[in-house]
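Heads up, the thing below is written out as structure tokens.
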Amino acid sequence: MTQPNPAEAILGLSTAYWASRCLHMAAELGVADVLGEEPQSAADLAAALGVQSGPLHRMLRCLSNHGVFELQDDLIRHNASSRLLRSGGQSLRPLAQMMGLKMHWDAYGEMGRTLRTGEPGMAIVAGDLFGYFAAHPDEGRIFDGAMTAKSFAQIGPALAAYDFSGFRTIGDIGGGAGHLLAAVLDQVPAAEGVLFDLPPVVERAAERAHPRIRYVGGDFFNDPIPACDAYLLMTVLHDWSDTEAAAILAQIKRAAPAGAKVLLLECVIGLTEGFDFGKDLDIEMLVMTTGRERTAREWTAVLAEGGWRLARIHPTATDVSAVIEAEAA
């Protein structure tokens, strides 16, 4: 891998939040929804958005400098990246909005204390992450949308990397809106699915019910989990400490029939050469949760503590996640 100029590397990282903050604000304002297929001036966009045209022009010029939107002859137009900020469909707007929430910035402001004490910045400023979103439903909906948006980048590669056709009943544990489970069932028409998540999450998911999914509300630390041939967990265990993750796995083990498998869609640090997204994502876990991204050795240990044996890691076409296959120990 080509190493950047040392000074440029420091300059780029020191100032990276300039552009990322512009992205957060573009998502918050809904610039991509207001901008149609025809180019528009910053003045026209500003009038529709209720902001000043000069600052908006400068913000969008910065984003275009990083490949989001295009700026030609003082007119702003869409490109492939900016279209991902439009609402609806496979939009990444909620992900950009979530990263720009005030509590997120506040949590990162406490990173010094996190380094001294090990306590997540989120816990310092606002308490438990999931409790916070439960108490702030508007921001909770942004979080739910962000997790759904993120899942779109993982589902296709996971389906290409792993053969789900041998399972009759597939459980999606902590599966949110159930996008992963629905995609798997579409690929395996003979299988039935179970979506297991907290009751309010399951209730929202059931509003657009899939005909072969049974919706079950519960807490995966304390409540019985339905018996399934395979248990999917997509970027769930990385939110939790080793002890907490092992407790979730042990709860699944109690429900699992003989021959059942656990399939984790998670980053595996060190699986790829060069830039490793998991090493960056691990900082989000450090600041926002009790969890972490893990190496293959660390996944092996957590699975073993929960009663499972790592059988195989299936790399995917993205470094966002691999499919970690485990069997009962």
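Since this is a predicted model, take the numbers as computed values, not measurements.
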Please say yes or no: joined through hydrophobic side-chain contacts below 4.5 Å, possibly via intermediate residues, are V188 and Y231 part of one cluster? no
Non-hydrogen atoms of C228 and I170 that approach each other most closely: SG-C, 4.3 Å
Side chain to side chain, I76 and L56, heavy atoms closer than 4.5 Å: no
Linking I/L/V/M/F/W/Y whenever any side-chain heavy atoms sit under 4.5 Å apart, do W18 and W105 land together? yes
Examine distances only and state if a side-chain atom of H57 and a backbone atom of S53 form a donor-acceptor pair shorter than 3.5 Å. no
To the nearest 0.5 angstrom, please state how far the CG atom of L85 sits from the CZ atom of F69. 5.5 Å
For atom OH of Y17, decide whether the heavy atoms of other residues, nucleotides or ligands shown that lie under 6.0 angstrom number more than 12. no
How long is the span from the CZ atom in R83 to the NE2 atom in H78, to the nearest 0.5 Å? 6.5 Å
Verify the cluster assignment for I173 and V184: are they in a single hydrophobic cluster under the rule of side-chain heavy atoms below 4.5 Å apart? no
Can a donor-acceptor pair be found, under 3.5 Å and without considering hydrogens, that links the side chain of R292 to the backbone of M285? no
Hey, are the side chains of F221 and I248 touching, using non-hydrogen atoms and a 4.5 Å cut-off? yes
Measure the acute angle between the ring planes of F167 and Y162, then classify it against the limits of 30° and 60° as parallel, tilted or perpendicular. parallel
Determine yes or no for a side-chain-to-main-chain donor-acceptor pair under 3.5 angstrom, with Y215 supplying the side chain and H210 the backbone. yes
Count the heavy atoms belonging to other residues, nucleotides or ligands that lie under 6.0 Å from CD of E273, then report whether that count exceeds 12. no
At their closest point, which heavy atom of A126 faces which heavy atom of Y132, and how far apart are they? CB-CD1, 3.7 Å
Does CD belonging to Q52 count more than 12 external heavy atoms closer than 6.0 Å? no
Report the distance from atom CG of L92 to atom CZ of F152, rounding to the nearest 0.5 Å. 9.0 Å
Scanning both residues in full, the closest heavy-atom pair of K253 with G307 reads NZ-O, 3.2 Å
Are side-chain heavy atoms of T235 and L281 found at a separation under 4.5 Å? no
Looking at CG of L249 and CZ of R254, how far apart are the two atoms once the value is rounded to the nearest 0.5 Å? 11.0 Å
Quick one, S87 with D33, criterion side-chain contact (heavy atoms from CB on, under 4.5 Å). Give me CA distance, side-chain angles, the key distance, then yes/no. CA-CA 7 Å; S87 301; D33 289 338; 2.7 Å; yes
When you look at L63 and V31, which way does the side-chain contact (heavy atoms from CB on, under 4.5 Å) test go after all the steps? CA-CA 12 Å; L63 286 175; V31 175; over 6 Å; no
Hydrophobic cluster membership, I213 vs L265, 4.5 Å side-chain cutoff: yes
Salt-bridge contact E192-R214 (side-chain N to carboxylate O under 4.0 Å): no
For D128 and M122 the tightest heavy-atom approach is O-CE, 4.4 Å
Run K102 and E28 through salt bridge (charged side-chain N to carboxylate O under 4.0 Å, His left out) and show every step you take. CA-CA 12 Å; K102 181 178 184 299; E28 180 180 325; over 6 Å; no
Could you check if a side-chain atom of L159 sits within less than 4.5 angstrom of a side-chain atom of F164, using non-hydrogen atoms only? yes
Hydrogens and angles aside, do D239 and T289 bring a side-chain donor and acceptor to less than 3.5 Å of each other? no
Surrounding CZ of R312 (heavy atoms of other residues, nucleotides or ligands, distance under 6.0 Å), is the total greater than 12? no
Distance, nearest 0.5 Å, that separates SG of C62 from CZ of R21: 13.0 Å
Going by distance alone, is a donor N or O of one side chain under 3.5 Å from an acceptor N or O of the other, for E284 and H104? yes
Kindly compute the distance separating CG (D197) from CG (D219), expressed to the nearest 0.5 Å. 10.0 Å
After noting the C-alpha distance and the side-chain angles of F220 and L233, does the key distance pass the side-chain contact (heavy atoms from CB on, under 4.5 Å) rule? CA-CA 11 Å; F220 50 40; L233 294 92; 5.7 Å; no
Are any side-chain N or O atoms of R309 and backbone N or O atoms of E327, one a donor and one an acceptor, separated by less than 3.5 Å? no
As a quick check of understanding, evaluate side-chain contact (heavy atoms from CB on, under 4.5 Å) for L101 and F143, giving each step before the final call. CA-CA 10 Å; L101 291 174; F143 173 77; over 6 Å; no
Starting from I155, can I reach L264 by hopping between I/L/V/M/F/W/Y residues whose side chains sit under 4.5 Å apart? no
Can you give me the closest heavy-atom contact between A317 and P157, atom names plus distance? N-CB, 4.0 Å
Does R212 use its side chain to pair, donor to acceptor, with the backbone of A191 at less than 3.5 Å? yes
Please check: side-chain N/O of T290 versus main-chain N/O of W240, any donor-acceptor pairing under 3.5 Å? no
For E119, does its backbone N or O pair with a side-chain atom of T114 as donor and acceptor, under 3.5 Å? yes
Where is the tightest heavy-atom contact between L263 and A230, given as atom of each residue plus distance? CD1-CB, 4.4 Å
Is there a side-chain contact between I283 and M111, using heavy atoms and a 4.5 Å cut-off? yes
Within the 4.5 Å heavy-atom criterion, are L71 and L60 side-chain neighbours or not? no
Does the side chain of D163 pick up a donor-acceptor pair with the side chain of S165 at under 3.5 Å? yes
Between D172 and L195 (side chain of the first, backbone of the second, donor and acceptor by atom type, cut-off under 3.5 Å), is there such a pair? no
Is Q251 reaching over with its side chain to a backbone N or O of I225, donor-acceptor style, under 3.5 angstrom? no
Lys/Arg-Asp/Glu bridge criterion (N-O < 4.0 Å) met for K279, E293: no
Checking E139 side chain against M103 main chain: does a donor-acceptor pair fall under 3.5 Å? no
Side chain to side chain, S151 and M234, heavy atoms closer than 4.5 Å: yes
When you compare the side chain of T318 with that of F277, does any pair of heavy atoms fall below 4.5 Å? no
